[in-house]
Amino acid sequence: MPVNPFDQKAPPSFYDSVFEVTRQIPFGRITTYGAIADYLALGSARMVGWALNKSFYGAQVPAHRVVNRKGELSGRVHFPTPTMMEELLIQEGVEVENNQIKHFRELLWIPAENLPPIDPGK
DNA sequence: ATTGTGACATACG
DNA sequence: CCGTATGCCACAA
């Protein structure tokens, strides 16, 4: 299924994986690019942010719940407005201070520890 | 095929 | 803490 309503071409499977995991992030929780990359065995966290960037258009992906390893809202500049990411998090009860998640360690939700392992190859 | 580009992460000084 | 360097890998041109 297409992720981008404006793009009718078949969606890259790579993106789909990232979106799917991102959608699993519980309300009020957050995760990191690295954690997602690790879960998907991508080997590179760059792919995650990059895929997430593309997702923005049509997919209902809570990209605001994904931050870098420091708990910073590094992707905020890619939202419609620079403050949107923080606002969304606050709406979920996540405290943000100076573009950084408070209680980051406690709110961190690691896919690899909460989702079933992926079948490699099949 | 080659090059450039990242919403990252880690290591080093 | 900060800046630099390097690894990482899918994708667009």
Side-chain angles (χ1 to χ4, degrees):
Chain A
M1 58 184 134
V3 255
N4 183 341
F6 301 104
D7 184 4
Q8 299 182 9
K9 300 175 69 175
S13 56
F14 174 75
Y15 297 141
D16 259 352
S17 302
V18 177
F19 303 158
E20 205 167 323
V21 174
T22 305
R23 268 184 233 130
Q24 311 305 312
I25 305 173
F27 187 94
R29 300 293 297 279
I30 50 92
T31 192
T32 69
Y33 302 97
I36 295 176
D38 183 63
Y39 173 68
L40 293 175
L42 294 177
S44 176
R46 283 189 172 192
M47 314 290 99
V48 180
W50 185 44
L52 232 43
N53 181 298
K54 268 243 167 192
S55 82
F56 213 89
Y57 283 118
Q60 303 164 9
V61 178
H64 58 277
R65 296 185 189 143
V66 185
V67 298
N68 66 10
R69 79 176 180 101
K70 303 177 217 164
E72 295 174 328
L73 283 53
S74 53
R76 82 202 135 109
V77 296
H78 293 270
F79 282 76
T81 68
T83 55
M84 184 174 176
M85 187 173 184
E86 180 175 335
E87 294 296 321
L88 287 171
L89 286 170
I90 291 176
Q91 284 179 33
E92 299 190 0
V94 178
E95 298 177 70
V96 179
E97 181 177 324
N98 195 18
N99 297 321
Q100 188 172 321
I101 306 279
K102 297 181 71 175
H103 314 300
F104 168 64
R105 191 84 190 216
E106 304 168 34
L107 294 175
L108 181 59
W109 182 86
I110 302 174
E113 296 179 357
N114 294 280
L115 292 178
I118 300 177
D119 266 333
K122 290 245 173 89

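Only heavy atoms go into these numbers, but all of them, side chains included; no hydrogens, no water, no symmetry mates.
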Out of dA7(B), dC9(C), dA12(C), whichever nucleotide has its closest atom nearest the side chain of Ser44(A)
dC9(C)
Using the salt bridge (charged side-chain N to carboxylate O under 4.0 Å, His left out) rule, collect all pairs that involve residues 78-101 of chain A, keeping only residues at least two apart or in two chains.
Arg65(A)-Glu92(A), Glu95(A)-Lys102(A), Glu97(A)-Lys102(A)
Considering only the P atoms, how many Å lie between dC8(C) and dC12(B), rounded to the nearest integer?
15 Å
Distance, rounded to the nearest Å, where Leu52(A) contributes CG and dG6(B) contributes C1':
13 Å
Using atom OH of Tyr33(A) as one end and atom P of dG7(C) as the other, report the distance to the nearest whole Å.
24 Å
Tell me: CD1 of Ile36(A) to P of dA7(B), nearest whole Å?
15 Å
Which one, dA9(B), dG6(B), dA7(B), comes nearest to the side chain of Ser74(A)?
dA7(B)
Give the rounded distance in Å between these two atoms: CG of Leu40(A) and C1' of dC9(C).
14 Å
Test item: Asn98(A) side-chain N/O and Gln100(A) main-chain N/O as donor-acceptor pair under 3.5 Å
no
Let me know the distance between CG of Leu88(A) and P of dA7(B), rounded to the nearest Å.
19 Å
Write down the distance between NZ (Lys70(A)) and P (dC1(C)), rounded to a whole number of angstrom.
9 Å
Report the distance from atom CE of Met47(A) to atom C1' of dA12(C), rounded to the nearest whole Å.
13 Å
Check every strand shown and say whether Leu42(A) touches a base, only sugar-phosphate, or nothing at a heavy-atom separation below 4.0 Å.
sugar-phosphate
Asn114(A) side chain to Ile110(A) main-chain N or O, any donor-acceptor pair under 3.5 Å?
yes
In this structure, how many angstroms lie between the P atom of dA9(B) and the CZ atom of Arg69(A), rounded?
7 Å
Residue pair Trp50(A)/Ala35(A) against DNA chain B: nearer the 5' end by closest nucleotide is Trp50(A)
Interatomic spacing from CD in Gln60(A) to OG1 in Thr22(A) - rounded to 0.5 Å
13.0 Å
